[in-house]
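All remarks here apply to the structure that follows.
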Amino acid sequence: MRLRQFFKSGAFYKNLGLSIIIAVVLVWIILQSLSLYTNHGEEIEVPNLYGLSLEEGNDLIEETKLRHTIYDSVYKSGLPAGYILDQSPKANALVKRNRNIFLTINSLKPEQIRFPNLIDNSFRQAYEILVTNGFKIGKLKYVDYDYYNLVLHPEFKGDSIKHGDLIDKGSRIDLVLGKGKNIKVLTPELISKYYNDAKERILLSNLNIGRISFDNSVSNLSDSLNAQVYQQSHAYKENSKIAPGSRINLWLTTDSLKLKDAQAYLQSQFK
């Protein structure tokens, strides 16, 4: 009976109300603390760090109340060591204060790789091996040898290189190949091809890249990457063939009218 009377008493309701108020205040304090800890509602725009030196990038990161970690380093020729090549999150992303920005910077020197064995491989096999290992294809040099397109030896800067030699990743490797007997290769059709696509087609046709000329519509690196071929030496004709290793010169533009005229002329040759 006494317990029932207590639940009906004013003291019980007074204590209950006080307990509820204390609980609500505690919940509010916890939520406010979490909000402050996680910077709830506060968003900072990530700055664009690409192409800045690490020192410049660090200053900009500190100004925006962010932090950074060097996540990776790769080598890119033409930029000084320590320049920022990539970032995560990307520029203009919205993040909370003190967010860690992961940076990829340009290393002091390229990574060195033990050179793979290319001798006695076909050109196509050698091409895949080089690209897979991070090398680029330089010149194709054809010499007298019975077996066409067989790799006799690779060269780097005019010197022969052997399997296992340490070579900078990204280096251009020349290949000395057998030219067989009376071999001719088809001239590739390059009109309207983008710069990088055209270069790859030339090499895979067992030919060499000659002079590259850009017209006045190309004024920067971005333009050059988006330029397309409007003229080529050894103009493409059905079943036209030339000696392997011949040089193909390219003329490139971003002018749509010039490209349209080049395409129309090419089509007219096959009517």
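Side-chain atoms are counted along with the backbone in the values below, which use heavy atoms only and exclude waters and symmetry mates. Residue numbers count from 1 along this sequence.
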Self-check item: Fellow cluster residues of Tyr145, listed by chain then number, with links counted only when side-chain atoms sit under 4.5 Å apart
Solution: Val143, Tyr147, Leu150, Leu152, Val176

Self-check item: Spatial distance of atom CD1 (Ile70) from atom CG (Leu103) [nearest 0.5 Å]
Solution: 7.0 Å

Practice problem: State which residues pass ring pair (Phe, Tyr, Trp, His ring centres under 6.0 Å) with Tyr83; sequence neighbours excluded, sorted by chain then number. | Solution: none

Quiz prompt | Set of salt bridge (charged side-chain N to carboxylate O under 4.0 Å, His left out) partners for Asp86, sequence neighbours left out | solution = Lys90

Practice problem: Check for a donor-acceptor pair, side chain of Glu62 on one end and backbone N or O of Asp59 on the other, with a separation under 3.5 Å. | Solution: no

Practice problem: Take Ser73 and Ser107 through the side-chain hydrogen bond (donor to acceptor under 3.5 Å, both in side chains) test and state the conclusion after the steps. | Solution: CA-CA 5 Å; Ser73 63; Ser107 61; 5.0 Å; no

Quiz item: Tell me, which pairs form a salt bridge (Lys or Arg N to Asp or Glu O under 4.0 Å) where one or both residues lie in residues 207-219, sequence neighbours left out?
Solution: Asp215-Lys258

Quiz item: Sub-3.5 Å donor-acceptor pair from the side chain of Arg67 to the main-chain atoms of Asn98, do we have one?
Solution: yes

Quiz item: Can any side-chain N or O of Asn121 pair as donor or acceptor with the backbone N or O of Asn117 at less than 3.5 Å?
Solution: yes

Quiz item: Are side-chain heavy atoms of Thr254 and Val218 found at a separation under 4.5 Å?
Solution: yes

Quiz item: Which pair of non-hydrogen atoms, one from Gly138 and one from Leu203, has the smallest distance, and what is that distance?
Solution: O-CD2, 3.9 Å

Self-check item: Side-chain hydrophobic cluster, 4.5 Å single linkage: members besides Trp251
Solution: Tyr230, Leu259

Quiz item: Do Leu60 and Ile101 belong to the same hydrophobic cluster, where Ile, Leu, Val, Met, Phe, Trp and Tyr are linked whenever their side-chain heavy atoms lie under 4.5 Å apart, directly or via other members?
Solution: yes

Quiz item: Is a side-chain donor or acceptor of Gln87 paired with a backbone partner of Pro47 at a separation under 3.5 angstrom?
Solution: yes

Quiz item: Would Val131 end up clustered with Leu140 when hydrophobic side chains under 4.5 Å apart are linked, directly or stepwise?
Solution: yes

Quiz item: Hydrophobic clusters join Ile, Leu, Val, Met, Phe, Trp and Tyr when side-chain heavy atoms are under 4.5 Å apart, directly or via other members; which others share one with Tyr71?
Solution: Phe102

Quiz item: Side chains of Glu43 and Val95: closer than 4.5 Å at any heavy-atom pair?
Solution: no

Exercise. Would you please name every residue forming a ring pair (Phe, Tyr, Trp, His ring centres under 6.0 Å) with Phe115, sequence neighbours left out?
Key: Phe135

Quiz prompt | Sequence-distant partners of Asn220, side chain to side chain contact (heavy atoms under 4.5 Å, CB included), two or more places apart | solution = Ser222, Asp223

Name the atoms and distances for all side-chain donor-acceptor pairs under 3.5 Å in residues 185-197, with sequence neighbours left out.
unit_1: Ser192; atom_1: OG; unit_2: Gln263; atom_2: NE2; d: 2.4

Quiz prompt | Sub-4.5 Å side-chain heavy-atom contact between Leu130 and Leu175 | solution = yes

Exercise. Could you name each residue pair satisfying ring-ring contact (aromatic ring centres under 6.0 Å, His included) that touches residues 157-179, not counting sequence neighbours?
Key: none

Exercise. Check whether any side-chain heavy atom of Asp168 sits under 4.5 Å from a side-chain heavy atom of Ser171, and report yes or no.
Key: yes

Quiz item: With sequence neighbours excluded, what pairs up with Asn48 under the side chain to side chain donor-acceptor pair (under 3.5 Å) test?
Solution: none

Practice problem: Give the cluster check for Leu204 versus Tyr142: same hydrophobic cluster or not, with ILVMFWY residues linked at side-chain heavy-atom distances below 4.5 Å. | Solution: yes

Self-check item: Connected via hydrophobic side-chain network under 4.5 Å: Tyr50 and Val46
Solution: no

Exercise. Identify the two heavy atoms, one from Ser233 and one from Asn249, that lie closest to each other, and give their separation to 0.1 Å.
Key: OG-N, 2.7 Å

Practice problem: Give a yes or no on whether the backbone of Asp255 and the side-chain of Thr253 come within a donor-acceptor separation of less than 3.5 Å. | Solution: yes

Exercise. Check each of Ile242, Val229, Ile209, Asn208 against Ile248 using the side-chain contact (heavy atoms from CB on, under 4.5 Å) test, and report the only one that passes.
Key: Ile242

Self-check item: Qualifying side chain to side chain donor-acceptor pair (under 3.5 Å) pairs with a residue from residues 126-140, counting only residues at least two apart or across chains
Solution: Tyr127-Glu200

Practice problem: State, with a plain yes or no, whether a side-chain heavy atom of Gln231 is found less than 4.5 Å away from one of Leu252. | Solution: no

Quiz item: In terms of side-chain geometry, is the basic nitrogen of Arg114 or Asp165 positioned less than 4.0 Å from the acidic oxygen of its partner?
Solution: no

